[in-house]
Amino acid sequence: MCGIVGYTGNAPAVPVLLEGLEHLEYRGYDSAGVAVVSRDKGLQIQKCKGRLRTLREKLDSLPPLEGTVGLGHTRWATHGEPNDVNSHPHVSQNGRVAIVHNGIIENYAEIKQFLLHKGVAFRSDTDSEVVAQLLEYCFNDHSDPLDAVYAVLDRLEGAYALVILCADRPDMLIAARKDAPLLLGYGDGESFIASDATAIIAHTRDVAYMEDGEVAVLTRAGIQVFDQYRRPVEKEHHTIEWDVSAAEKGGYPHFMFKEIMEQPEALRQTISPRLKGGELCFDELPLTDEKLRSFDRIYLVACGSSYHVGMVGKYNLERFLRLPVEVCLASEFRYSAPLVDERSLVIVISQSGETLDSMAALREAKGLGGYILAIVNVVGSSIAREADAVLYTWAGPEIAVATTKAYSTQLALLTMFGLWMAKRLGRADGADYAAVTAELELLPGKLEKVLADTGIYQYLGSQYFSRDCVFFIGRNLDYALGLEGSLKLKEISYLHSESYAAGELKHGTISLIEPGTLVVALATYGALIDKAVSNIVEVRSRGAEVVALTTESLAGKLEGIATYTIAIPDTHPALQPNLGVAPLQLFAYYIALQRGCDIDKPKNLAKSVTVE
Ligand code: AGP
């Protein structure tokens, strides 16, 4: 979604802003802009539709924007089409304030109407512009900018991360947050603000996360934070541990490819602190045995790929725990009168920790008395902070819009948590526990083996890139895995694909299988291999071409049946999707590459979806 970066210090602001925006490009955007303020020249703004390089070209062709205080924005359109005028920053009618905004101002129409009646002329079709115009209007009654900001915030409904520049206060930035992330960066004689740490990590690792209702005033001398009643707030500082190189491509052609290849290491980071001497340990969790015993059902709540993690998790957790597990799309959850109560364990899964749908579901579940456990990658993110307990995946920054290493680590972590909980409740089968934990130790190494040779995926990409449609089929854990394979393909290659429980084909979908249809058949789940084989025969006999994914020990069963067979190492069934997902990611990657798609930044998609 939209990205924000702000700077105040002694260096020229524009290069700092552009570099920060570059690091935010991965979030997905359709236009970009910067604004600076200086005593001599007041507010100066440049913005345009398109990629950052278009903005750079525009800036290069004009006299430089001079100023050491400024803000930048990458926009992902919600209200108003992507064009130059709708891009941020937005400036008020008389040029007194410039603002950037992430989120949605829900009552913007009402505010706009009010201001139109006062004679204010609007330029854009956005909800965000009302903030700039309302601020200037409030300056009539408030000479102190902070007074005006509080007066505006009082009238706003919806979600916002706002950063404001005032022409007559060229020494400072003002920021406000509600339901959209903002973090403050503390430098030496300079201060930063950003929607995401990647934008400022090159300058400072000393950060603090803004909370809902807070307002911050940034000057080069430091940062003051106030709560919603304007009382000063002492912020807790955090140190960003990961290195800036983790957010760079490091010689790989795409972030997505880099992140696919990083999965073995990411899994080590997830697994090793929680697996000691063959025993699972979650020292970070404040859950007592009594609390664990109190849960009579589990909800797995998430969106997109994180939801697919939940789909795999349901099979594993129900097997380990013998408790009912419900997987819920976060965007549906709060509108479905969920039956959550104090006996419910609600596990919210999110890479970014900022997905608005997931956050809203979390709050709904919390309000109903559920215990919230978050599985999150981004440290200090909103979901992590609002949950009762958090498990971090420790996968490092994920930049490509299509998730890969976050999915893998979420999956491993959820399986580990389920097994750990089963052991604590005395429900774990001893042999199973020993087998899964032994395989967890081996998992990163086995995944390295899967990733060692990408030749077959490259070849399949060249064979199948021009197809119109692909079907993924599988049963049980393979069905859940197919959902993710299909989403990966759709997201980055724009190729239509469907994922079906293989047994469901004959209930309708098989009518779409005709000579030449491509079917990716997932056949890694040993307990149902004969049924998987029957389903492959079923589609083959209707002329489908089949790429089958199976394990080394099951490969013999598929001999002479599929068009191509890929065999991956065997592991415990509960962990098999962790190895199975990598071929599907690579398949999607090479198809998208052949189709000339913008792999890291697929059209219309954003890395962190902070609107409903
Ligand atoms: C995955 O490749 C997608 N980009 C998307 O489905 C994503 O998983 C979803 O938006 C949820 O994001 P989150 O994990 O950050 O909450």
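The figures that follow rest on heavy atoms only: side chains count, while hydrogens, waters and symmetry mates do not. Whatever order the structure lists them in is the order used to number ligands and atoms, beginning at 1.
- Taking the charged nitrogens against the carboxylate oxygens, K490 and E498 have no contact shorter than 4.0 Å, which rules out a salt bridge.
- Using a 4.0 Å cut-off between charged nitrogen and carboxylate oxygen, K601 and D30 do not count as a salt-bridge pair.
- The pair R177-D212 counts as a salt bridge, with a side-chain nitrogen and a carboxylate oxygen less than 4.0 angstrom apart.
- Under a 4.0 Å N-O distance rule, the pair E386/R363 qualifies as a salt bridge.
- Using a 4.0 Å cut-off between charged nitrogen and carboxylate oxygen, E214 and K178 do not count as a salt-bridge pair.
- Ligand 1 lies under 4.0 Å from heavy atoms of C303, G304, S305, S306, S350, Q351, S352, T355, V401, A402, T403, L487, K488, E491.
- The ring pair (Phe, Tyr, Trp, His ring centres under 6.0 Å) search around Y315 returns none, not counting sequence neighbours.
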